[in-house]
Amino acid sequence: MKKRVAVLALQGDFAEHEDSLRKCGAETFQIRQKADLEQQFDALVIPGGESTVIGKLLRELDLFAPLQEKIRNGLPVLATCAGLILLADKIENDSKEHFRTLNVTVKRNAYGRQLGSFCTTGKFADMENVPMSFIRAPSIESAGTGVTVLSEFNGKATAVMQGKQVALAYHPELLEDCRIYQWFLDCIVSGK
Amino acid sequence: MDATQAELNRNLAQMLKGGVIMDVTTPEQARIAEDAGACAVMALERIPADIRAAGGVSRMSDPEMIKGIQEAVSIPVMAKCRIGHFAEAQILQAIEIDYIDESEVLSPADDLYHINKHEFKVPFVCGARDLGEALRRIQEGAAMIRTKGEPGTGDVVQAVRHMRKMNAEIRRVANMREDELFEAAKELAVSYDLIRYVHDNGKLPVVNFAAGGVATPADASLMMQLGAEGVFVGSGIFKSGDPAKRAKAIVKAVTNYQDAAMVAELSCGLGEAMVGINPEEIRIIMEERGK
C-alpha cells in the first residue's frame, strides 16, 4: 500500500519535500487550511522555512490544535529545520513556543546569519556518508528523556527521534540523496 | 564563491518560498513585519514611493540603520545596493547581511556592468523583466530572481507583464527541439548551459518572486497564480492606512492564494490602500535600469 503523506504547505520548501517523498514511492498532498485535515494520511512533514511565519499561520488558520493532537497521538512526523523548532519543547533564544511535543531545547539561527550556512556529510542512524545542508540552521542544545540521537555534528545532536517524531536541523529535501525519506517511510511510518 | 556556497545561497531562497518579503525603514516597522508573518525584511532608508517623491540620487542605506533592523528581528534581513556598485555590496557583506538586492530602485552606479556576484559569499537577488535578463543575472551569480515590476507605484501591471513574459519564454524554451537551443542562447544573450537547464526543467535554476506594485491580498494572489513563488511588498504596506492588518492579510493570501473565498475575507476592511500612481504619470522608469 502506498503511504499517504501530508506536507504542511504554509510557507517554506514544501514542494522539495513532496518531490523527495514521491521519488520514494509515497503519495503526497498539501495542508494549507483546516479543510485539508479532513483527508486521511499516514504521516506529516513539516518543512524548512521561517518558523515564525509557519508558527503564526498554524494558529491563524486554526491548524495548530488539531495537528498538535494528532502528533501527541502518535502520528509519524518528519520535521526539518523550522520544523524542528516547531516541535521543540523549548526555544532557548525565543519567547515563543509551538507544538512542544519533542523533548528537546533548540537554539534558532545557532550558526549565525547566512554566512554561517554550511554543508557536511555524516552518519544518520545506521547510514554512512549522508549529505547534510545547514541553512541558518537551529541547533539542538539538549535532549531529554525518550529522545534518541540520530546524527551529530561537532559533538552536538543534529537529528533526533522520539516515538514517531523525527526532527532534523538540516535539509534532506534539498539534496538528491533520498535515503532519509526511505528510512522514514520504511522504519517509522510502516514500522518495519 | 565556491560551488557549495552558491548552492547554499540558492537554498536560502528556497526557504523563503510561499512567503512575503516586506520593505521596512525602521526597527519598529521590522518588528511589525515579523509579527505579521514576513519571511524576511528588506531594510532601506526610504521605500520606493518616497524615493520617487524625493527624486535625486538614491544610494545604499546607512549600515547603522541596517544593523538596527538586524538586531530587531530574527528573520533574514536583506538590503539594497546600486546596480554595479560592488563597493556598496562589499559593505553589506561586511555587516553580514543575509541577502543583497542589486536593485533598480536605487540610482544605478554603472550603466554597463552588473556586479560580479560570484566574488561574494552572501547571496544576491536581482530584478528581471524577461527570461534573458533573469538568466544573465543568474550567470553573474544571482541566487534568486524577482520581477522588476515598477516599484513605488502601487500598480501591479508591470509585475504582471514581467511574470507573464518570463513564464511564456520558459514554456517556449522548454518546448524547443534540442537543435534550436543554440539559437535561443544567442537570441537571449545567455550561456547554452542555462538555456539547457530551462529546457530540461521547465523553470529557472533559482527561485522567482514577484515584486513591484503589489498592494493588496488580491494582487498577491494574482502574482502567485501567475507562477510567482513568493512576493515582495515594498511601498504597499507602510504606505497604507493600517500596515499591520494589511501585512497579515497579504501573508495569508500568499499561502491560500487559490482559495478565493479566503482572499475575499482577507480583503475586507483593510482601510486605505496606498494611493498609487499610473506608469503614464511617472517620470522615472525604474524597470529600464540594468538590462
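In what follows, chains carry the letters A, B, and so on, assigned in the order in which the sequence lines appear, proteins first and then strands, with residues in each chain numbered from 1.
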### Query
Under 6.0 Å from the NZ atom of A:K34, do we count more than 12 heavy atoms belonging to anything else shown?
no

### Query
Which atoms of A:A82 come close to chain B, meaning under 4.5 Å heavy atom to heavy atom: side chain ones, backbone ones, both, or neither?
neither

### Task
Check A:K56 against B:A36 and note the closest heavy-atom contact, atom names and distance.
CE-O, 3.1 Å

### Query
Which heavy-atom pair separates A:S133 from B:N11 by the least distance, and what is that distance?
OG-OD1, 4.2 Å

### Query
Would a 4.5 Å heavy-atom cut-off, applied to side chains only, mark A:Q11 and B:M15 as touching?
no

### Task
Identify which part of A:E60 has an atom lying under 4.5 Å from any heavy atom of chain B, answering side chain, backbone, both or neither.
both

### Query
If you count heavy-atom pairs under 4.5 Å with chain A, which of B:P76, B:A40, B:G230, B:P123 comes out on top?
B:P76

### Task
Give, as side chain, backbone, both or neither, the part of A:I135 having an atom under 4.5 angstrom from any heavy atom of chain B.
side chain

### Message
Would you say that A:C119 contacts B:E7 through its side chain, given a criterion of any heavy-atom pair below 4.5 Å between the two side chains?
### Response
no

### Query
Checking heavy atoms, do the side chain of A:L61, its backbone, both or neither come under 4.5 Å from chain B?
side chain

### Query
For B:T4, is it the side chain, the backbone, both or neither that has a heavy atom under 4.5 Å from a heavy atom of chain A?
side chain

#### Entry: A:R113/B:D98 salt bridge by N-O under 4.0 Å criterion
yes

### Task
Heavy-atom distances under 4.5 Å only: say whether A:R108 touches chain B with side chain, backbone, both or neither.
side chain

#### Entry: Over all atoms of both residues, closest heavy-atom pair of A:D13 and B:K17
CA-CE, 4.4 Å

